[in-house]
Amino acid sequence: MKEVNFLDRVMEFEQQLDSMQKHFRELIGFVAEMTEENHSLRLENHHLRTRLDEIDKITQNIEETARDERPKKLDVGEGVDNLARLYNEGFHVCNVHYGSSRKGEDCLFCLSFLNKQNG
Ligand SMILES: [Zn+2]
């Protein structure tokens with residue numbers, strides 16, 4: 001009786017080992033699948049980040065061009081041109097006498113102011 005019982009136990013144990021091995025193989029297959037998927041997701045993520053950076057740069061450039069450069073250059077340029085014209089027409093553009101007639105005399109304040117704007 002004892003021997004039969006022992007043989008039963010060994011066979012049972014062998015079945016358990018087979019079952020565990022099968023589960024283990026499934027697990028390895030699952031891990032391999034996940035690793036592959038993780039790798040391709042990382043790659044895709046990297047590509048998407050690169051594209052996003054490119055789009056960000058392009059958007060930033062467009063915004064800078066539209067918002068900063070164009071208006072500033074036009075505003076300052078036109079402003080200085082207007083002031084230079086006003087000065088040439090015989091009026092002060094300096095803080096000291098702004099808008100009043102130069103009475104045909106050059107004004108150092110005006111000239112220094114215009115020089116600063118052009119520089
Ligand atoms: Zn002046």
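Each ligand, and each atom within it, is numbered from 1 in the order the structure gives.
The cationic group of R102 does not satisfy the cation-pi geometry with F91, failing either the under 6.0 Å distance to the six-membered ring centre or the 45° limit from the ring axis.
Near the Zn ion (ligand 1), less than 2.8 Å away, sit the protein N, O or S atoms H92 ND1, C94 SG, C107 SG, C110 SG.
Within a 6.0 Å sphere centred on CD of E26, other residues, nucleotides and ligands contribute more than 12 heavy atoms. At most 12 heavy atoms of other shown residues, nucleotides or ligands fall within 6.0 angstrom of atom CD in Q15.
A ring pair (Phe, Tyr, Trp, His ring centres under 6.0 Å) check over residues 92-111, counting only residues at least two apart or in different chains, returns the pairs H92-H97.
Of the charged side-chain nitrogens involved, none lies within less than 4.0 Å of a carboxylate oxygen, so that E54 and K57 do not count as a salt-bridged pair.
H47 places a side-chain heavy atom less than 4.5 Å from the side chain of L43.
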